[in-house]
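In each ligand, atom 1 is the first atom listed, and ligand 1 is the first ligand listed.
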Amino acid sequence: AQAQAKGPFVPAQADYQKVYDAIAQRLADETDYDDGSYGPVLVRLAWHASGTYDKETGTGGSNGATMRFAPESDHGANAGLKAARDFLEPIKAQFPWISYSDLWTLGGACAIQELSGPTIPWRPGREDRDVSACTPDGRLPDAAKDQRHVRDIFSRMGFDDREMVALIGAHALGRCHTDRSGYDGPWNFSPTVFTNEFFRLLVEEKWNQKKWNGPTQFTDKSTGTLMMLPTDMALIKDKNFKKHVERYAKDSDAFFKEFSDVFVKLLELGVPFKTDERFVFKTSDSE
Ligand code: HEM
Ligand SMILES: Cc1cnc2ccccc2c1N
């Protein structure tokens, strides 16, 4: 019989699960980095690729993966994220049909799930764009500033106070790098396990300004080994942020549920999806 003419390859959930599994495997293999995992920096890549969104102009967001290009790749806030982009290059080579825009956001969802966080339902449909879609510098937050700045940046994306606090709870993961942001990271914290610890520390520890010649940051009185950024501290200085910090510090389930919903929203800002169907990927320890 006439060989069936092959139509275009339309990836299905099973194909995206294969990409998820390849990222999870690479996370398990590549442990000689920071505190033992590339997970935190993958989360930061997905967040910085998406957090450029401006709801008034509909510009920025994860659709386009424009951080591949200078000047966006060279914006100060994106220092160090080449490590995350390079980590995902072999995955792109293995699955060339996936866009960078979909790959980077899938990498963020995979990292949260593989670091014991909540499931992050995910939709494909982002398309890579060229350098003309690069966003101007200044779209991402400046850690040296205060609660007014946090509200300006996140309300521009379309988030309310509760959503801003939930999102910043990702600071349970990873660390700061003096050769990237200039801030100095925590180390005896469990930076490769997703928990509500960030909120518990904010409300339970006493925080003093760190005595050093680097940028203003805070250290915990009891061990002197943890850190908070000025914008982290803003979450307990501002009473409407603080009530959410206290709620998440007491209720890890509420934090997990609300973080999942708002991280999904972040990764989808401004994307003209063709489908409403989201995939929930199986985490590697569930197989
Ligand atoms: C007020 C908002 C925020 C500010 C000012 C901020 C600032 C920073 C800074 C300065 C670092 C250290 C970067 C380095 O030196 O490597 C950092 C790390 C990180 N941020 Fe944020 N961030 C904010 C919100 C968020 C959000 C919304 C997410 C994700 C949902 C996030 C996820 C992370 C992660 C996972 C790391 C650790 C990265 C690593 O270990 O390499 N941050 N952030
Ligand atoms: C405990 C803590 C506080 N703030 C952070 C900011 C950025 C990255 C990691 C952080 C972190 N582990």
Side-chain angles (χ1 to χ4, degrees), residues 33-51 53 62 76-84 87 105 107-109 111-112 115 117-118 120 139-157 159 163-202 204-205 207 210 214-220 223 225-236 238 241 245 255 258-267 269:
Y33 175 80
D34 267 1
D35 302 285
S37 172
Y38 275 87
V41 78
L42 286 191
V43 171
R44 190 155 197 252
L45 173 65
W47 138 234
H48 277 207
S50 308
Y53 184 66
S62 63
N78 291 330
L81 291 180
K82 188 172 181 307
F87 177 92
T105 53
I112 295 288
L115 296 183
I120 307 292
R139 292 272 178 104
L140 294 164
D142 174 349
K145 295 189 174 170
D146 64 7
Q147 50 268 33
R148 194 181 24 260
H149 174 70
V150 173
R151 279 203 178 87
D152 286 348
I153 293 285
F154 283 91
S155 50
R156 188 209 67 230
M157 295 176 220
F159 294 118
E163 292 174 313
M164 295 177 206
V165 176
L167 270 178
I168 299 170
H171 279 177
L173 296 176
R175 62 170 39 239
C176 301
H177 305 78
T178 48
D179 61 342
R180 295 181 185 180
S181 64
Y183 295 97
D184 197 15
W187 43 91
N188 84 334
F189 191 69
S190 54
T192 61
V193 183
F194 190 90
T195 65
N196 68 336
E197 270 287 279
F198 171 75
F199 300 111
R200 213 184 50 67
L201 289 165
L202 269 177
E204 291 179 13
E205 294 299 325
W207 295 92
K210 183 182 174 93
T216 300
Q217 65 176 67
F218 298 81
T219 190
D220 63 308
T223 72
T225 60
L226 292 170
M227 67 82 67
M228 289 287 172
L229 300 164
T231 44
D232 294 329
M233 298 306 290
L235 300 185
I236 46 176
D238 179 284
F241 283 153
V245 174
F255 169 52
E258 294 178 35
F259 179 83
S260 175
D261 292 345
V262 72
F263 196 57
V264 169
K265 181 174 171 180
L266 171 72
L267 301 189
L269 290 174

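A distance-only check finds no donor-acceptor pair linking the side chain of Gln217 to the backbone of Lys210 [under 3.5 Å]. Side-chain N or O atoms of Ser62 include none that pairs as donor or acceptor with a backbone N or O of Ala49 at under 3.5 Å.
Inspection of the His171 and Asp232 side chains reveals an N or O donor paired with an N or O acceptor under 3.5 Å.
The closest side-chain heavy-atom distance from Asp146 to Met233 is not below 4.5 Å. Considering only heavy atoms from C-beta on, Pro191 stays 4.5 Å or farther from Asp34 through its side chain. Between Phe241 and Ile236 the shortest side-chain heavy-atom distance does not fall below 4.5 Å. Leu201 is listed as a side-chain neighbour of Met228, based on a closest heavy-atom distance under 4.5 Å. Proximity of Leu167 to Trp47: side-chain heavy atoms (C-beta onward) are nowhere separated by under 4.5 Å. Taking the side chain as every heavy atom from C-beta outward, Asp261 and Lys265 never approach each other to under 4.5 Å. The closest side-chain heavy-atom distance from Tyr33 to Val41 is below 4.5 Å. Side-chain atoms of Pro118 and Ile112, non-hydrogen and from C-beta on, do get closer than 4.5 Å to each other.
Considering backbone and side-chain N/O of Asp142, none are found under 3.5 Å from N/O of ligand 1.
Among protein heavy atoms, atom 9 (C) of ligand 2 sits closest to Leu173 O, 3.5 Å. Closest to atom 12 (N) of ligand 2, if we only count protein heavy atoms, is His171 O, 3.0 Å. The protein heavy-atom contact nearest to atom 40 (O) of ligand 1 is Arg175 N, 3.0 Å. For atom 1 (C) of ligand 2, the closest non-hydrogen atom on the protein side is Met227 O, 3.6 Å. The shortest contact between atom 35 (C) of ligand 1 and any protein heavy atom is with Pro40 O, 3.3 Å. Closest to atom 12 (C) of ligand 1 among all protein heavy atoms lies Cys176 SG, 3.6 Å.
Short contacts between ligand 1 and Thr231, defined as distances under 4.0 Å to a heavy atom of the residue, involve ligand atoms 1 (C), 5 (C). Taking every heavy atom of Arg180 and a limit of under 4.0 angstrom, the matching atoms of ligand 1 come to 14 (C), 15 (O), 16 (O), 41 (O). Listed by number with element, the atoms of ligand 1 under 4.0 Å from a non-hydrogen atom of Phe154 are 1 (C), 2 (C). Listed by number with element, the atoms of ligand 2 under 4.0 angstrom from any heavy atom of Asp232 are 3 (C), 4 (N), 5 (C), 6 (C).
Closest heavy-atom approach to atom 15 (O) of ligand 1 among the candidates Gly39, Ser181, Gly76: Ser181. Nearest-residue assignment for atom 14 (C) of ligand 1 (options His149, His177, Gln147, His48; heavy-atom criterion): His177.
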Give the C-alpha distance, both sets of side-chain angles, the deciding distance and a yes or no for side chain to side chain contact (heavy atoms under 4.5 Å, CB included) between Leu266 and Tyr53.
CA-CA 9 Å; Leu266 171 72; Tyr53 184 66; over 6 Å; no
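Under a 4.0 angstrom heavy-atom cut-off, Pro191 registers as lying outside contact with ligand 2. Contact between Leu226 and ligand 2 is absent, with no heavy atom of the residue lying under 4.0 Å from the ligand.
Protein N/O/S atoms closer than 2.8 Å to atom 21 (Fe) of ligand 1, listed by chain and residue number, are His171 NE2.
For Phe255 and Phe194, the ring centers are positioned less than 6.0 Å apart.
Between Arg151 and Asp238 a salt bridge is recorded (basic side-chain N to carboxylate O distance below 4.0 Å).
Both the backbone and the side chain of Leu167 come within 4.0 Å of ligand 1, counting heavy atoms alone.
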